[in-house]
Amino acid sequence: MWTKLLPIFLAIILSLSTHERRATSDERPTLGRPDIFFETNKFDFGKICEKEKVEYIFKYKNRGSSKLVIHEVKTTCDCTAANANLTELEPGESGEIMVTYTASNKTGKFEKAVIVISNDPNTSHYVLLISGEVVREVIADPEYIDFGLIPTGERSSKSVKLSKGYGNRSLSASGGWITGIECDSPLVTASYKENGNDEYIIEATLKSPPKVEQTSQQIQGNIFVLTKGLKQSRIELPFFGKVSGDVSDTALTIMFTGEEAGYLEPCGCSEDQLGGIPRRHTFIKSQIPNPKPQNALLVSLGDLTDGFGRQSEIKMEITVQALEMMGYFAHNLGEKDIAMGPELLNYLPMVSRLKFLSSNVKFTDGLTNRIHPFLIKHVRGKDFSIKIGFLGILSSSAAATMPSYGFKITEPVSSLRPLIGVLKGRVDVLVLLSHAEWDESIRLAEMFPELDLVISGHDIDDPAAYEPVHVKTRTEQGERNTTVVSAGSKGKYAGTYRYSPYEKKGSVEIIPLSSIYTDSPEMRELIKQYLQIVKEENLLAYEPKMPVPSNDTFVGSKTCSICHKEVYKHWETTTHASAYETLIKSEHNYDPDCIPCHVTGFQYTSGFESIEKTPALKGVGCEDCHGPGSAHINAPLEEYGKTTSDACATCHIPDHSPKFEFISYWKKITHPEERISALGG
């Protein structure tokens, strides 16, 4: 609704000064017309508590000489409601508009508008403004409880500190200011105790159920703290956690992850980023307590790395080491794997127990063929013993996008047909790891009904957009059902396929690897080793650079401050200015993957090289948006520095900044108005 009214609303806001003049004026309107007149068009509620409902009555009058008709009273959000007691007023008649505001659970200042639409020809859309500040009578630290990941049958305990906030006179009564505590989940118990500083500590414990039906189960609810507060007598503390299942010994479990693409961990530039090998390891350990289970298999789907060069090589070696430590037994080759060259792919299986799989890729230069066309695993569980066959293909279309010297890549269908003939009758379950696009994976399932499961792992970022497909085919042996599923890319999700030997069917679950899975110490240490190698080999010095097309050079934001004092002071308060420090904190300050978006002009010859050589260019500086400043120094009056949202899009990409929206982000860095100082004068 408000999308259509936005242009009108903006125009009205610009004309508020006119409304204020009319609200206090005694001038008479033109005869024969209605004229809406408010005693005031603004009201400040002051400080109100979250979830508190407040009201104010705006009084108005028809000062015209004909009937005033109120067509509609609109509000700008669901938290505000407004109603007029009269919709038609004769000349001289008065009315009231009751405005109700319900505070959200988000603290801070607010300003909301109410638009009164009438037949007044001079002010058909009249704006009323309400404002205030949402505060808390009781402050909780933290504001919610995260129990984390809890194995079945285990407990997790967390605490929250409650202290007095605004308007707490009612909390000063003798005998304490908490009167009780409640919880809406039978799995959670909570108690409270005084902390000695007129504060309380809430202790909460989640006892997970002894069994869950799926790989994991989300637990969430609220703890309610009862207080003597006048405004907030019932404090709500949300809680959540995840209970992990285990690998049942009555079923086969295949766990799988998608294209690694060199994504060792989330960059940390935004909240709620998924994936990373430290979280994945924690997830796997929660599902498979035994490091070498007899009935669980872990497989990876193509593209361990994301490019070329030494850093990609290091990533590939580290990822292979990580997969082996986590218990993976097979990796299906992708086009970016083979682009790293036959020497590396021949070497890695020699130093790792991880097996490299591809049914349509072979070495051609005389190297010992360590790429397996298929793999068979014998799996034993409680009262069952089955054999699983694994095939793996690389799509011809994907292979065509990368150099493949030293390899022979054949068409997938012609490669699979004879191998399926070999495996038919030798295995009980047949799985295809398909490094191909989704539609091609489905076609392969339709062509080869012998397949029980096809795991598709190419160019699928969010598996939620690709629900598992069950391909039904008819054969001489009867109807067959092949499941096609994906776990997305960059290891952001983990998939599980549970196959029951008794029912002879399987079920699929895809789990997002969010922050609920804490980092594994073993994988954190491995990433630390990776960053140390990157630093010691000084990979920053080998990154390609190009000259600025205009031949200008970078001078650093400090130089800009000579004339632009106020702008520079404002820039120092932004996260752009401290962008490099965030890399120091995460130990990625020598990582070529991260540096370009945290310093100034890294891709250019006169831009950032290292903190030792070019300290003045650390942080996202003025010149990242406005261009190199050397020419501007020499000719400050000439036009310089126009920028657009395209400059932001270089770094604010979905992987790093999923919530990026230009207008709201622009407000955070918009320069203050300034009087430019000539040479600092």
Side-chain angles (χ1 to χ4, degrees), residues 251-256 258 295 297 299-302 329-330 332-334 357-361 372-379 381 384-399 409-460 463 465-487 495-510:
L252 158 73
T253 296
I254 298 173
M255 300 182 68
F256 52 92
N295 61 318
L297 301 172
V299 294
S300 167
L301 287 105
F329 94 94
N332 181 52
L333 292 181
L357 169 69
S358 185
S359 303
N360 67 323
V361 176
H372 299 268
F374 63 84
L375 294 166
I376 298 177
K377 292 290 288 186
H378 193 176
V379 177
F384 76 85
S385 175
I386 59 176
K387 291 182 179 180
I388 318 299
F390 287 90
L391 297 159
I393 62 99
L394 169 60
S395 167
S396 301
S397 59
I409 303 171
T410 54
E411 194 273 327
V413 173
S414 60
S415 300
L416 288 173
R417 198 175 302 280
L419 293 175
I420 289 177
V422 170
L423 293 175
K424 191 174 181 179
R426 293 179 58 185
V427 297
D428 303 292
V429 177
L430 189 56
V431 179
L432 172 65
L433 307 184
S434 174
H435 194 78
E437 293 187 2
W438 182 250
D439 290 344
E440 183 175 353
S441 296
I442 292 176
R443 285 196 299 271
L444 291 172
E446 293 170 341
M447 294 183 68
F448 297 105
E450 298 88 349
L451 298 170
D452 295 280
L453 175 67
V454 176
I455 308 174
S456 187
H458 184 60
D459 280 351
I460 296 177
Y466 296 83
E467 292 291 330
V469 171
H470 300 285
V471 177
K472 296 184 182 296
T473 50
R474 295 200 64 83
T475 67
E476 294 178 357
Q477 291 74 32
E479 186 176 89
R480 293 280 297 167
N481 191 344
T482 303
T483 300
V484 184
V485 65
S486 171
T496 61
Y497 174 78
R498 293 179 185 268
Y499 177 82
S500 169
Y502 311 106
E503 299 178 356
K504 296 190 181 302
K505 65 179 182 180
S507 62
V508 172
E509 185 180 8
I510 307 297

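Residues take their numbers from the sequence shown, with the count starting at 1.
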- Message: List the residues meeting ring pair (Phe, Tyr, Trp, His ring centres under 6.0 Å) with Phe329, not counting sequence neighbours, and say none if there are none.
- Response: Phe390

- What's the spacing between Arg498 CZ and Met255 CE if we round to 0.5 Å? 8.0 Å

- Task: List for me each residue that meets ring pair (Phe, Tyr, Trp, His ring centres under 6.0 Å) alongside Tyr497, sequence neighbours excluded, and say none if there are none.
- Result: none

- Value for OG1 (Thr482) from CE (Met447), rounded to nearest 0.5 Å, stands at 13.0 Å

- Task: Would you name the heavy atoms of Ser395 and Pro412 that are closest together and state the gap between them?
- Result: CA-CG, 4.4 Å

- Summary of ring-ring contact (aromatic ring centres under 6.0 Å, His included) pairs that have at least one residue in residues 409-435, sequence neighbours excluded: His435-His458

- How would you list all residue pairs meeting salt bridge (charged side-chain N to carboxylate O under 4.0 Å, His left out) that involve residues 434-445, not counting sequence neighbours? none

- Item | Minimal non-hydrogen separation, Lys387 against Arg426, with atom names | CD-O, 3.6 Å

- Candidate pair Leu432 and Ile393, rule side-chain contact (heavy atoms from CB on, under 4.5 Å), full reasoning: CA-CA 8 Å; Leu432 172 65; Ile393 62 99; 4.1 Å; yes

- Atom pair CD/CG of Glu450 and Leu391 - distance to nearest 0.5 Å: 10.5 Å

- Item | Minimum heavy-atom distance Ser456-Leu301, with the two atoms named | C-CD2, 4.2 Å

- Query: Do Val454 and Leu444 touch side chain to side chain, with heavy atoms closer than 4.5 Å?
  - Reply: no

- Item | Closest non-hydrogen atom pair between Ser486 and Phe256, with its separation | C-CE1, 4.3 Å

- Hey, could you give me the CG/OG distance between Asp428 and Ser385, rounded to the nearest 0.5 Å? 8.0 Å

- Do the side chain of Ser441 and the main chain of Ile455 share a donor and acceptor less than 3.5 angstrom apart? no

- Query: With sequence neighbours excluded, what pairs up with Phe448 under the ring pair (Phe, Tyr, Trp, His ring centres under 6.0 Å) test?
  - Reply: none

- Query: Could you state the interatomic distance from CG (Leu357) to CG (Leu333), rounded to the nearest 0.5 Å?
  - Reply: 7.5 Å

- Partners passing side-chain hydrogen bond (donor to acceptor under 3.5 Å, both in side chains) against Thr483 (at least two apart in sequence or in another chain): His470

- Just jot down the side-chain hydrogen bond (donor to acceptor under 3.5 Å, both in side chains) partners of Asp452, sequence neighbours excluded, or say none. Arg480

- Set of side-chain hydrogen bond (donor to acceptor under 3.5 Å, both in side chains) partners for Ser300, sequence neighbours left out: His331

- side-chain contact (heavy atoms from CB on, under 4.5 Å) partners for Lys472, two or more places apart: Glu479, Asn481

- Note on the structure: Note: Pro449 and Thr473 closest approach over all heavy atoms is CB-OG1, 3.0 Å

- Can you tell if the side chain of Ile388 reaches within under 4.5 Å of the side chain of Val431, non-hydrogen atoms only? yes

- Message: Please determine whether side-chain contact (heavy atoms from CB on, under 4.5 Å) holds for the pair Ile386 and Tyr499, giving the CA-CA distance in whole Å, both sets of side-chain angles, and the decisive distance to 0.1 Å.
- Response: CA-CA 11 Å; Ile386 59 176; Tyr499 177 82; 4.1 Å; yes

- Can you sort out the partners of Thr410 under side-chain contact (heavy atoms from CB on, under 4.5 Å), two or more places apart, ordered by chain and number? Asn360, Lys408, Ser415

- Query: Which atoms form the tightest heavy-atom contact between Ala445 and Val484, and what is the distance?
  - Reply: CB-CG2, 3.7 Å

- In chain order, what residues pass the side-chain contact (heavy atoms from CB on, under 4.5 Å) check against Pro373, with sequence neighbours excluded? Leu419

- Query: Is a donor on one side and an acceptor on the other found under 3.5 Å between the side chain of Ser359 and the backbone of Gly392?
  - Reply: yes

- With Ser500 via side-chain hydrogen bond (donor to acceptor under 3.5 Å, both in side chains) - residues at least two apart: none

- What distance do His372 atom NE2 and Asn332 atom CG have between them, rounded to the nearest 0.5 Å? 12.5 Å

